[in-house]
Amino acid sequence: MLKDKKTKITFHNGILTIGGTIIEIAYEDSRIFFDFGSEYDPASPHQPKDLQDLLDMNLVPYLDNMFDPSIELKGYESKEDKFKDTAVFLSHVHLDHSKIINYLNPSVPLYMLEGTKSLLNTLNINNDFLFPLHNQGESNVREINGVKENEVVQVGKIKVKVMPVDHDAYGASGLLIETPDLVISYTGDIRLHGYRKDATLNFCKESENCDVL
Ligand SMILES: [Zn+2]
């Protein structure tokens, strides 16, 4: 809770882990989340097979109204949805940031750079990259809004600029988030070298006067 601001930032997951970041920024009846993956340990003998397992094993936090309501869950129930506008943003394709997007409530729009959208659809062509959709449609991946580099998306009272950055995943981005009383920069995974070093430097420059997550 920020004392003098109406903007609320909640770190739901990924504080003490590498990856699995789920952060929420809310302002009045608008809110956004960024990244929708899960921490995972490929060496663990017990692997989660579905959303119920992920929640029960504390690998994913229960988030009110954010999961596909057609998935029956034991022991979890959402409260009334007080938000008018909700959206999720994905910084890049790596699984610790993307693995549970098919469990996202179909009524919540999901945004990412076009490059990440195209990679996710390709990597999941055999339905074995992400957790599978509960209601299988024509595609193996839920609906995605691909955005152009530096495009600004308005979610109620929150504005999000999706900016390219360098990372070892094509299509990676950072987010510049503007609420009526705060500007926040979310780096995603970022590196200061590589083929898109210039994009990283540009993102850092625009983030200079922000609070950085
Ligand atoms: Zn990464």
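Owing to the predicted nature of the structure, the values given are computational and were not obtained by experimental measurement. Ligands are counted one by one from 1 in listed order, and the atoms in each one are counted from 1 as well.
- Nearest to the Zn ion (ligand 1), among the N, O or S atoms that Asp189 has, is OD2.
- Between His94 and His167, the angle of the ring planes goes over 60°, which puts this pair in the perpendicular group of the 30/60° scheme.
- Looking only at its N/O/S atoms, His94 has ND1 as the one nearest to the Zn ion (ligand 1).
- When atom types are taken as modelled, the side chain of Tyr103 and the backbone of Met66 share no donor-acceptor pair closer than 3.5 angstrom.
- Under 4.0 Å is where a charged nitrogen must lie from a carboxylate oxygen, and between Asp64 and Lys79 at least one such pair does.
- For the pair NE2 of His167 and NE2 of His92, the angle at the Zn ion (ligand 1) is about 100°; rounding is to 10 degrees.
- Remark: side-chain polar atoms of Asp181 are not paired, donor with acceptor, to backbone N or O of Lys5 under 3.5 angstrom.
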